[in-house]
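Following: one structure in structure tokens, then a few remarks.
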Amino acid sequence: MNVDSLISAKWIVPVEPDDTVFENHALVIHEGTILDLLPTDEALQKYRPETVHECPDHVLIPGLINTHTHAAMTLFRGLADDLPLMDWLNNHMWPAEQRWVDPQFVEDGSRLAIAEMLRGGTTCFADMYFFPDRTAAVAVEAGIRAVVGLIMIDFPTAWARDVDEYFAKGEEVHDNFKHNPLIKTAFAPHSPYMVSEKPLTRIAVLAEELNIPIHMHVHETEDEINQSIDLHGKRPLQRLQDMNLLGPRLMAVHMTQVELEEFELLARYGVHVIHCPESNLKLASGFCPVFELQHAGVNIALGTDGAASNNDLDIIGEMHTAALLGKGVAASSAALSARSILRMATINAARALDWDDRIGSLEIGKEADVAAVDLSCIETQPLYDPVSQLVYAAGRHQVSDVWISGRQLLCKRELQTIDEDQVCHRTAEWNRKLKER
């Protein structure tokens, strides 16, 4: 049988079924999907691929999924470091956004972010930022998957003047991209403290009508909790429950402040928790009780947050941090195995985005979103367990090749759909302008 391509590798970790590693196997890809997964020798006898990709020292994994970004803010990387969250937001980030954010800023910042993510094995990201139409357009141009957030904030911004315009523009973005196979949309109210009750209640209704997720910062800091209790007499999660926002559509980002009874609440409603360990550490926001939430039955996915507060978009690094931090917080070295962490960056993330029928694992019939990680270098030798090595020892520089729907977007560390020189040139121009101001 003639097929488009075949990728053979030393190891393939499909993620589903769990705890499975295939040695000396191959993925057979045709028309963008995984047609077969079988021993390489058998694959070469059974199929006639147009292209064969040999990865003799590599582990193939599902393309990594970054479930929380502010992609365009990559242009603010390093602009204001080592500050408390509210100081960082009120006195640095928001003024910078008011001065600089426009469609061109978002295009250039998103392209820089996408280039970085592809080089780190990320094939899908969920974004929350202004001008989501431009982020989506750049994602399509690059060939990466994206869930773009239909941003909502109570006050005027460069994107919209008032709540009605936020909704109108958001629904226009949704309509323009709803038939694009690379793009999904999600309502993206910033947080319970920056979006008032009326628009939040409206989002709960519209999300059901449009059948899209809701992507929101929730319980990020202790100050957020105290402010909600002072103003509303209840914690933010209780407010969201009262507004019918708790449910499997909700991606609750950060969740560093969780009380015991809220574990059961999140699990009962099927809320997805998006864990951003490095950003939480850098901003000293607190610790998400990942192991306890997982034990309660809550789906946990990983995100980086924006590069202005991380300061990278490295999901492999995030896996490493999440594993070690989770053990420390749980006071158990057995908490959060390497395999459970890899699931957070793949199938769990796909489930949070309601895309797990197509991506998140290397299964027959799913989209061929694949990352190849070279484990032959000094830093990952000797090798006993490729999943352990990936989470605890590997770095994103070891990602050699990336495919999305069978299309190769990274080949031997070289981007195929993005002009790296042009990205660096445009970034240098923004760097100069921001420094001058």
Handout entry: Residue F287 excluded, over 12 heavy atoms near CZ under 6.0 Å
Key = no
Practice task
Taking all non-hydrogen atoms of both residues into account, name the closest pair between A330 and E292 and its distance.
Solution key: CA-OE2, 4.2 Å
Completion exercise
With D419 as partner, the option from D421, T417, L415 fulfilling side-chain contact (heavy atoms from CB on, under 4.5 Å) is D421
Problem - E278 and T321: side chain donor to acceptor below 3.5 Å - result: yes
Exercise for the section: Hey, could you give me the CG/CG distance between L313 and L64, rounded to the nearest 0.5 Å? Expected result: 13.0 Å
Problem - Any side-chain donor near an acceptor of the partner, Y269 and E264, under 3.5 Å - result: no
Problem - Contact summary for L302 and I315, nearest pair of heavy atoms - result: O-CD1, 4.2 Å
Practice task
Determine whether the side chains of T304 and N66 contain a donor N or O and an acceptor N or O closer than 3.5 Å.
Solution key: yes
Handout entry: Among E222, E259, E261, the one residue meeting salt bridge (charged side-chain N to carboxylate O under 4.0 Å, His left out) with R235
Key = E259
Exercise for the section: Establish, from distance only, whether the side-chain atoms of R77 and N311 form a donor-acceptor pair under 3.5 Å. Expected result: no
Exercise for the section: Please check if the distance between the ring centroids of F105 and Y129 is under 6.0 Å. Expected result: no
Handout entry: Close side-chain approach of R358 and T33, heavy atoms under 4.5 Å
Key = yes
Handout entry: Q257 side chain to M255 backbone, donor-acceptor under 3.5 Å
Key = no
Handout entry: Spacing of L336 atom CG and R343 atom CZ [to the nearest 0.5 Å]
Key = 13.5 Å
Problem - Evaluation steps, side chain to side chain contact (heavy atoms under 4.5 Å, CB included), between V147 and W355 - result: CA-CA 10 Å; V147 179; W355 224 338; 3.9 Å; yes
Exercise for the section: Return yes if a side-chain donor-acceptor contact under 3.5 Å exists between D108 and W430, otherwise no. Expected result: yes
Exercise for the section: Mind listing the closest non-hydrogen atom pair of G360 and I65 along with its distance? Expected result: CA-CD1, 4.3 Å
Handout entry: R145 (side chain) donor-acceptor with K184 (main chain) under 3.5 angstrom
Key = no
Exercise for the section: Taking all heavy atoms of I144 and all of I404, pick out the closest pair and write down the distance. Expected result: CA-CD1, 3.6 Å
Exercise for the section: Please lay out, stage by stage, how E54 and S8 fare under the test side chain to side chain donor-acceptor pair (under 3.5 Å). Expected result: CA-CA 5 Å; E54 295 183 352; S8 66; 5.3 Å; no
Handout entry: Any pair counted as salt bridge (Lys or Arg N to Asp or Glu O under 4.0 Å), so long as it reaches residues 384-412, sequence neighbours left out
Key = E116-R396, D314-R396, R339-D385
Problem - Shortest non-hydrogen contact from P14 toward F22 - result: CG-CE1, 3.7 Å
Practice task
Give a yes-or-no answer on whether the side chains of N176 and D133 include a donor-acceptor pair shorter than 3.5 Å.
Solution key: no
Exercise for the section: Could you tell me whether the side chain of K10 and the main chain of N24 form a donor-acceptor pair under 3.5 Å? Expected result: no
Handout entry: Check: D127 side chain, A71 main-chain N or O, donor-acceptor pair, under 3.5 Å
Key = yes
Problem - Pair V138-R134, side chain to side chain contact (heavy atoms under 4.5 Å, CB included): steps then yes or no - result: CA-CA 6 Å; V138 172; R134 301 305 178 98; 5.5 Å; no
Handout entry: Short side-chain donor-acceptor distance under 3.5 Å, S279 and N310
Key = no
Practice task
Taking W88 for its side chain and A80 for its backbone only, find out whether a donor-acceptor pair lies under 3.5 Å.
Solution key: yes
Fill in the blank from the handout: So OG1 of T346 and CE of M319: to nearest 0.5 Å the spacing works out to 8.0 Å
Completion exercise
So CG of N348 and OG of S361: to nearest 0.5 Å the spacing works out to 11.0 Å
Exercise for the section: Check for a donor-acceptor pair, side chain of T69 on one end and backbone N or O of A126 on the other, with a separation under 3.5 Å. Expected result: yes
Handout entry: Test item: side-chain donor near acceptor, S376 and Q381, under 3.5 Å
Key = no
Problem - Donor-acceptor under 3.5 Å (N431 side chain, T427 main chain) - result: no
Exercise for the section: Please test S332 against K327 for side chain to side chain donor-acceptor pair (under 3.5 Å), starting from the C-alpha separation and ending with a verdict. Expected result: CA-CA 5 Å; S332 169; K327 294 174 187 296; over 6 Å; no
Practice task
Enter the distance from L182:CG to S405:OG here, rounded to the nearest 0.5 Å.
Solution key: 6.0 Å
Problem - T256 (side chain) donor-acceptor with E220 (main chain) under 3.5 angstrom - result: yes
Practice task
Could you tell me whether a side-chain N or O of T122 sits under 3.5 Å from a main-chain N or O of L118, the two making a donor and an acceptor?
Solution key: no
Exercise for the section: Begin from the C-alpha positions of D374 and S400 and carry the test side chain to side chain donor-acceptor pair (under 3.5 Å) through to its verdict. Expected result: CA-CA 6 Å; D374 186 350; S400 62; over 6 Å; no
Handout entry: Over all atoms of both residues, closest heavy-atom pair of L200 and V195
Key = CD1-O, 3.4 Å
Problem - Donor + acceptor pair across side chains of N211, R249 (<3.5 Å) - result: yes
Problem - Electrostatic pair E107:R426 at N-O distance under 4.0 angstrom - result: no
Exercise for the section: Using the side chain to side chain contact (heavy atoms under 4.5 Å, CB included) rule, take Q398 and L375 through it: C-alpha gap first, then chi angles, then the decisive distance, then the call. Expected result: CA-CA 7 Å; Q398 292 170 252; L375 297 180; 4.2 Å; yes
Problem - Sub-6.0 Å ring centroid separation between H219 and H254 - result: no
Handout entry: No-hydrogen, no-angle side-chain donor-acceptor test under 3.5 Å, H68 and H215
Key = yes
Handout entry: Donor on one side chain, acceptor on other, T221 and S285, under 3.5 Å
Key = no
Problem - Pair W11-H25, ring-ring contact (aromatic ring centres under 6.0 Å, His included): steps then yes or no - result: CA-CA 7 Å; W11 303 277; H25 272 56; over 10 Å; no
Exercise for the section: Check the pair V218, L240 against side chain to side chain contact (heavy atoms under 4.5 Å, CB included), reporting the backbone distance first and the verdict last. Expected result: CA-CA 10 Å; V218 184; L240 296 180; 4.0 Å; yes
Problem - Side chains of S309 and K282, donor plus acceptor under 3.5 Å - result: no
Problem - Separation between CD1 of I364 and NZ of K366, rounded to the nearest 0.5 Å - result: 12.5 Å
Handout entry: Identified side-chain contact (heavy atoms from CB on, under 4.5 Å) counterpart of Y392 within the set L324, V387, I341, T380
Key = L324
Practice task
Assess the pair H217 and H70: is the distance between their ring centroids shorter than 6.0 Å?
Solution key: yes
Practice task
Look at the side chain of H30 and the backbone N and O of D4, then say whether any donor-acceptor pair between them is shorter than 3.5 Å.
Solution key: yes
Problem - Short N-O contact, E172 and K169, less than 4.0 angstrom - result: no
Practice task
Using the side-chain contact (heavy atoms from CB on, under 4.5 Å) rule, pick out the option among D369, L362, I347 that qualifies with P62.
Solution key: L362
